[in-house]
Amino acid sequence: MIARYQAIERILSHIQSNDLVVSTTGMISRELFSLDDRPGNFYMIGSMGLASAMGLGLAIQAPHKRIFVLEGDGSALMSLGTLPLIASEGPPNLVHVILDNEVYESTGGQASISSRFDLDQTATSAGYPWTRRVDGIEELESALMEATNASHLSLILVKVGIAPIEGIPRVSHTPEEIRDRFKTAVQP
Ligand SMILES: Cc1ncc(C[n+]2csc(CCOP(=O)(O)OP(=O)(O)O)c2C)c(N)n1
Ligand SMILES: [Mg+2]
């Protein structure tokens, strides 16, 4: 099984300098921050569940940009209602990635219900035109190739393992700093 850190690393290899990334609360943002801190990353500190809604708004408002949403299973489950909204708007510049470790790892590893609930099928039912569920790194690579070369909304559900990184630093920027530098990155 892929480690989440490794999955984020692979996703980053498909992200170009002017792409925007919105990452969910917790370890996903910390791992993104550790791997590649950049103004085009919006770390959604505190507000779990809102990364996909923000990604949708950005994708509509900044059609010249490619937007990646990186969220967890807990985050996605928390905002299931956003899936049909994203699907009905269908922004072609949005790549929605769910890093599904079947737990709320950031707060101690409590089980979520994602082992018994197919988030990719839910996205398909909600109207996403393209979804993939991937379990291995090669599958992730080909899903990313397809999603980033396509001109439609896409969702990749990546099944990842639980592999906390000892001593991983918190995002060191204040929310205001994250906002202000992200604003500059949104400009064409
Ligand atoms: C509204 C809200 N509820 C709860 C929390 C506490 N919280 C922060 S991260 C997290 C777990 C997130 O789980 P998931 O999205 O699956 O990501 P993982 O930590 O597993 O990578 C929780 C419960 C919060 N920050 N905001
Ligand atoms: Mg999780």
Side-chain angles (χ1 to χ4, degrees), residues 1-12 14-15 20-37 41-58 67-86 94-123 126 128 131-137 139-140 143-144 154-179 182:
M1 189 168 266
I2 322 173
R4 189 187 45 215
Y5 191 80
Q6 191 190 3
I8 295 174
E9 203 168 28
R10 186 58 68 111
I11 294 161
L12 286 176
H14 288 263
I15 290 178
L20 301 174
V21 184
V22 183
S23 59
T24 191
T25 313
M27 295 302 171
I28 291 175
S29 281
R30 287 206 209 182
E31 291 178 4
L32 175 64
F33 172 73
S34 297
L35 280 163
D36 188 19
D37 180 38
N41 292 350
F42 189 91
Y43 309 109
M44 185 67 89
I45 293 171
S47 302
M48 181 183 167
L50 293 181
S52 61
M54 177 155 174
L56 171 62
L58 275 169
I67 319 293
F68 288 78
V69 168
L70 305 185
E71 68 171 343
D73 49 305
S75 166
L77 286 164
M78 192 175 221
S79 54
L80 276 188
T82 309
L83 291 177
L85 188 61
I86 293 174
L94 179 63
V95 180
H96 186 173
V97 180
I98 302 176
L99 298 158
D100 180 7
N101 55 6
E102 303 184 355
V103 294
Y104 299 91
E105 184 178 329
S106 302
T107 48
Q110 304 86 353
S112 81
I113 57 164
S114 72
S115 62
R116 288 169 279 128
F117 183 79
D118 284 320
L119 281 161
D120 56 324
Q121 284 180 26
T122 305
Y128 275 66
T131 65
R132 287 285 179 284
R133 175 193 163 114
V134 305
D135 294 274
I137 199 77
E139 277 179 276
L140 173 60
L144 285 164
S154 46
L155 180 137
I156 306 174
L157 178 75
V158 192
K159 296 302 276 193
V160 293
I162 304 167
I165 298 168
E166 193 76 28
I168 187 158
R170 289 180 184 275
V171 174
S172 59
H173 310 294
T174 64
E176 291 79 10
E177 285 165 358
I178 295 169
R179 176 198 62 199
F182 190 73

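Order of listing sets the numbers, starting from 1, for every ligand and every atom in it. Just so it is clear, the structure is predicted and the values come from calculations on it, not from any experiment.
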Query raised in the report: Quick one: are I11 and L99 in side-chain contact, heavy atoms under 4.5 Å?
Result: yes
Query raised in the report: Counting both backbone and side chain atoms, is some N or O of I28 under 3.5 Å from an N or O of ligand 1?
Result: no
Report task. Just need the protein heavy atom nearest to atom 6 (C) of ligand 1, so name the residue and atom and give the distance. Result -> T107 CG2, 3.9 Å
Query raised in the report: Between F42 and L20, is any pair of side-chain heavy atoms under 4.5 Å apart?
Result: no
Requested in this report: If you have a sec, work out which protein heavy atom is nearest atom 19 (O) of ligand 1 and how many Å separate them, to one decimal?
Outcome: S106 OG, 2.5 Å
Report summary line: re atom 4 (C) of ligand 1, the protein heavy-atom contact at minimum distance is M48 SD, 3.6 Å
Report task. Examine ligand 1 and decide if any of its atoms is less than 4.0 Å from a heavy atom belonging to T25. Result -> yes
Report summary line: heavy-atom search around atom 20 (O) of ligand 1 in the protein gives V103 O, 2.8 Å
Query raised in the report: Who's the nearest protein heavy-atom neighbour of atom 17 (O) of ligand 1, and how far?
Result: G72 CA, 4.0 Å
**Report entry** Atoms of protein origin (N, O or S) under 2.8 Å from the Mg ion (ligand 2)
**Finding:** D73 OD1, N101 OD1, V103 O
Query - Heavy-atom side-chain proximity of S172 to F33 below 4.5 angstrom - result: yes
Query - Proximity flag R4 to ligand 1, non-hydrogen atoms under 4.0 Å - result: yes
Report task. Output yes when a side-chain donor or acceptor of N41 lies under 3.5 Å from a complementary backbone atom of D36, and no otherwise. Result -> yes
Report summary line: Looking only at protein heavy atoms, what sits closest to atom 1 (C) of ligand 1 is M78 CE, 3.5 Å
Report task. Using the test side chain to side chain donor-acceptor pair (under 3.5 Å), find all partners of T25 that sit at least two apart in sequence or belong to another chain. Result -> none
Query raised in the report: Can you find a heavy atom in the side chain of L58 that is under 4.5 Å from one in the side chain of F182?
Result: yes
Query raised in the report: Is there side-chain contact between F117 and T122, with at least one heavy-atom pair below 4.5 Å?
Result: yes
Query - Note, L70 side chain near T24 side chain (heavy atom, < 4.5 Å) - result: no
Query raised in the report: Which protein heavy atom lies closest to atom 25 (N) of ligand 1, and at what distance to 0.1 Å?
Result: G46 O, 2.9 Å
Report task. If the plane angle is over 60° it's perpendicular, under 30° parallel, otherwise tilted; pick one for Y128 and H96. Result -> tilted
Requested in this report: State, with a plain yes or no, whether a side-chain heavy atom of D37 is found less than 4.5 Å away from one of V171.
Outcome: no
Query raised in the report: If you measure from the Lys or Arg side-chain nitrogens to the Asp or Glu carboxylate oxygens, is any gap between E139 and R133 under 4.0 Å?
Result: no
Report task. Determine, considering heavy atoms only, which of G109, S75, S112, G49 sits nearest to atom 15 (O) of ligand 1. Result -> S75
Query raised in the report: Within a strict 4.5 Å, meaning less than it, do heavy atoms of the I98 and L155 side chains meet?
Result: yes
Query raised in the report: For S47 and ligand 1, does the shortest N/O to N/O distance drop below 3.5 Å?
Result: no
Query - ligand 1 atoms in contact with G74 (distance to a heavy atom under 4.0 Å) - result: 14 (P), 15 (O), 16 (O)
